[in-house]
Amino acid sequence: MSDRSHERPMTETELLSSFEDAINYDHIFVSYQAQINHTTGRMVGAEALMRWKHPLYGMQYPTDFIPVLEKNDLIYKADLHVFEMVCKFQKKCMDERVSMIPISVNMSRYDIYNHEYVDAIEEIRRKYDVPVKFLRIEVTESSAIGGMELVSSVLKKLHSYGYLVEMDDFGSGYSSLNILKDLDVDIIKLDMTFMSGDIGGRGGTILSSIVQMAKWLDTPVIAEGVETVEIADYLKSIGCNYIQGYLYCKPQEPDEFIEMISKVKHEPITAALELIKAMDAGKFWNPESMETLIFSNFVGAASIFVYDREDGSVEIIRVNKKYLKEVGAGRSENEIFDSDPWLNHDDKSHKIYESTILRAIESNDEETCENWRTICTKMCGEEKICVRSSIRVIGKGGEKFLIYAMVQNITKEKKQLDAMEEREHLLKQGFEHANVYAWEVDLSTWDMRPCFRCMRDLNVPPVVHNYPEPLIENGLFPPDYADMYRDWMKQLQNGVGELEAVIPLTVGRVPFHVRYTTEFDETGKPLKAYGSATLVVDSDKSDKTEE
């Protein structure tokens, strides 16, 4: 056992003189830190971390020895040593039938600029026969600064061999957006120095924006350095479920980590939202693309939002100008984006709309609904509108769904229908009180459409063809009045404006005052005849009128 009383940081000279032994005797070794889906608690991968434990001076901090190795062009050999140790670990898992997970290995900028790193690691991987899907390569954001073209070519070569590439420490450099735009990385790892202050705030806003951008690039996001449930829950709330840090797992030595792998369930990393294959996200967000042109100008009022089936939340992420005109009620895009859409719905409206979303998810087809919403704006106050929505799922990731909604403001139409229903209700009540039956006859087709009382009391069908013959045949018009009534129809068709008489109807010969008025077109041609029959209460008076 070594004497640990001399443990201390090593000098540069000591580090350099000890390096070869560190490689040959595994004093430089690997610890593994798991990456966990905070939503499911399952492991999605791990990162291999370089560690150095000197027999005499003990553990050395990476911040102390890695700069020395970089300065003296030794980091390449150390990185290859780490990669080989990871391949040995994966080979052991295969041989012992331990469930394997992807492990990420760091590639420094010195590996990129000074050496044929990609060919070297591929040779090691093949030596141990480890499937490439269980090895991922991490490049730091700073690696790309000043050498974008070279880094891009290295990434292309890694992809040609089948490696997934992670962008490590994203957000720590000064060119994050350019790097995100120009480098074809498969996974983004967030630098959690954004969260060094209070949760949320300016750092939280930036973090949320990065996660949103990554969604549209179809790129999963892992947050590093997560140590508290509070931060993990915040990350989950903005759409970042994958975390790495002491909250779930400190860096572990191989045997300890194999035990963890055996106990924790695994799942693959997926993008936050995966668009349907027919839709190209890059083109969709390009203001000059045909997709954007169609969305903005030709599809009518439309919005795109994210629906989370776990908590039922909705986040609107895009609307077109026609949407603002149709259902915006004077609101700006920012007002719509910043508000919770569910606040516009009462319980009944919420239930109608959410059930339609769920139907669209299950059917994978367009589903339609109508519901009332209350829109509140500073300028216009409170306004109630009725909206018809046609909803379709265009993307998904886990329990989050990207929804495309075509909308139409049908408030005016609804109010007119409501008014008509109210008038019809009043008319029905009036007919009931006055014992009136009413109908209309199309004078070109001889189709007759009766009122509800005719259908209810006299068993008249909703449409009577070849009027009045079916009602003469069933006895509604007595046989001795049949020819007179047929003559009335000819007179009405020939342009007589009004006709009326008391006629006994039904087999009981109940007297009714029957009256017709004719509707004409602009040329004077008769179109329809409107008939009514009012019960005659005083039968004696009725007989005299008839004579």
Side-chain angles (χ1 to χ4, degrees), residues 22-35 43-52 66 69 73-140 143-144 150-168 183-189 219-220 222 244 251-255 257-258 260-262 266-269:
I23 294 294
N24 293 332
Y25 298 106
D26 293 341
H27 300 159
I28 292 178
F29 63 97
V30 177
S31 288
Y32 298 93
Q33 188 170 39
Q35 298 159 344
M43 191 184 302
V44 296
E47 180 180 358
L49 302 169
M50 186 189 297
R51 296 291 184 260
W52 187 340
I66 287 180
L69 299 183
D73 197 23
L74 296 173
I75 193 66
Y76 172 69
K77 190 170 183 179
D79 283 343
L80 290 184
H81 176 69
V82 167
F83 188 85
E84 184 161 12
M85 294 189 83
V86 171
C87 286
K88 287 180 179 178
F89 177 86
Q90 294 287 46
K91 178 66 172 174
K92 181 180 180 181
C93 288
M94 286 192 292
D95 293 343
E96 296 180 3
R97 300 185 180 279
V98 176
S99 297
M100 298 174 70
I101 60 166
I103 296 177
S104 306
V105 183
N106 285 281
M107 177 176 68
S108 78
R109 62 182 180 273
Y110 297 91
D111 300 330
I112 296 172
Y113 297 140
N114 301 332
H115 302 279
E116 293 296 327
Y117 178 81
V118 179
D119 289 332
I121 64 169
E122 179 61 8
E123 184 178 342
I124 294 170
R125 183 192 71 80
R126 291 180 179 180
K127 173 183 174 182
Y128 292 95
D129 197 26
V130 177
V132 71
K133 66 180 180 179
F134 294 115
L135 296 165
R136 297 201 286 250
I137 305 302
E138 287 193 11
V139 296
T140 59
S143 300
L150 176 59
V151 175
S152 183
S153 68
V154 170
L155 264 56
K156 187 177 293 185
K157 193 169 186 179
L158 284 167
H159 283 144
S160 72
Y161 284 132
Y163 294 94
L164 292 183
V165 179
E166 298 178 1
M167 174 59 70
D168 195 19
L183 289 186
D184 185 17
V185 297
D186 304 290
I187 297 170
I188 291 172
K189 296 188 74 176
T219 306
I222 301 173
Q244 177 182 334
Q252 296 177 322
E253 295 193 12
D255 290 343
F257 189 61
I258 282 182
M260 182 180 182
I261 290 175
S262 304
H266 310 157
E267 66 179 59
I269 283 183

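All values below were derived from every heavy atom in this structure, side-chain atoms included, with hydrogens, water molecules and symmetry-related copies excluded.
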Under 4.5 Å between any side-chain heavy atoms of I222 and I188, yes or no? no
To check you understand the geometry: which heavy-atom pair defines the closest contact between P102 and R136, and what is its length? CB-NH1, 3.2 Å
Here the gap from I121 atom CD1 to Y161 atom OH, rounded to the nearest 0.5 Å, amounts to 9.5 Å
If you define the side chain from C-beta out and look only at heavy atoms, does anything of L69 sit under 4.5 Å from Y76? no
Which residues pass the ring pair (Phe, Tyr, Trp, His ring centres under 6.0 Å) test with Y163, sequence neighbours left out? none
Side chains of L135 and C87, heavy atoms from C-beta outward: is any pair under 4.5 Å? yes
Backbone of D186 reached by a side-chain donor or acceptor of E166 within 3.5 Å: no
CD on E96 to OG on S262, rounded to 0.5 Å: 9.0 Å
Do V139 and D168 have side chains that get closer than 4.5 Å, going by heavy atoms? no
Strictly distance-based, threshold 3.5 Å: is any side-chain N or O of H81 a donor or acceptor partner for the main-chain N or O of I28? yes
Using side-chain heavy atoms (C-beta onward) and a distance below 4.5 Å, is Y32 in contact with L49? no
Any Lys/Arg nitrogen of K77 or D111 sitting under 4.0 Å from an Asp/Glu carboxylate oxygen of the other? no
Before accepting this row, confirm whether a basic side-chain N of the pair E253/R51 lies closer than 4.0 Å to the acidic partner's carboxylate O. no
Exam field: side chain Q90 to backbone I101, donor-acceptor pair closer than 3.5 Å: yes
If you compare all heavy atoms of S108 against all heavy atoms of I75, which two are closest, and at what distance to 0.1 Å? OG-CG2, 3.7 Å
Where do L158 and M107 land on the side-chain contact (heavy atoms from CB on, under 4.5 Å) test, with the steps shown first? CA-CA 11 Å; L158 284 167; M107 177 176 68; 4.1 Å; yes
Below 4.5 Å, heavy atoms only, C-beta onward: do H266 and M100 meet side chain to side chain? no
Could you pull out every donor-acceptor pair under 3.5 Å between side chains of residues 123-131 and any protein atom, sequence neighbours left out?
residue: R125; atom: NE; partner: E122; partner atom: OE1; Å: 3.0
residue: R125; atom: NH1; partner: V130; partner atom: O; Å: 2.7
residue: R125; atom: NH2; partner: E122; partner atom: OE2; Å: 2.8
residue: R126; atom: NE; partner: E122; partner atom: OE2; Å: 2.8
residue: R126; atom: NH2; partner: E122; partner atom: OE2; Å: 3.3
residue: K127; atom: NZ; partner: E84; partner atom: OE2; Å: 3.1
residue: Y128; atom: OH; partner: E84; partner atom: OE2; Å: 2.6

With rounding to the nearest 0.5 angstrom, report the CD1 to CG distance, I23 to L80. 9.0 Å
Point-to-point distance, once rounded to the nearest 0.5 Å, from SG of C93 to CZ of F257: 8.5 Å
Tell me the closest heavy-atom pair linking D184 and H159, and the distance in Å. O-CE1, 2.8 Å
Find out whether M85 and F89 are in side-chain contact, i.e. whether some heavy atom of one side chain is under 4.5 Å from a heavy atom of the other. no
Evaluate the side-chain proximity of M43 to M260: yes if any heavy-atom separation is below 4.5 Å, no if none is. yes
Restricting to non-hydrogen atoms, name the atom on V82 and the atom on A48 that form the minimum distance, rounded to 0.1 Å. CG1-CB, 4.5 Å
Salt bridge (charged side-chain N to carboxylate O under 4.0 Å, His left out) for K88 and D26? Distances and angles first, verdict last. CA-CA 13 Å; K88 287 180 179 178; D26 293 341; 5.5 Å; no
Would you say Q33 and E47 are linked by a side-chain donor-acceptor pair, where the criterion is simply a distance under 3.5 Å? no
Between CE on residue M50 and OG on residue S31, distance to nearest 0.5 Å: 11.5 Å
Pairwise distance CD1(I137) to CD1(I187) - rounded to 0.5 angstrom: 11.5 Å
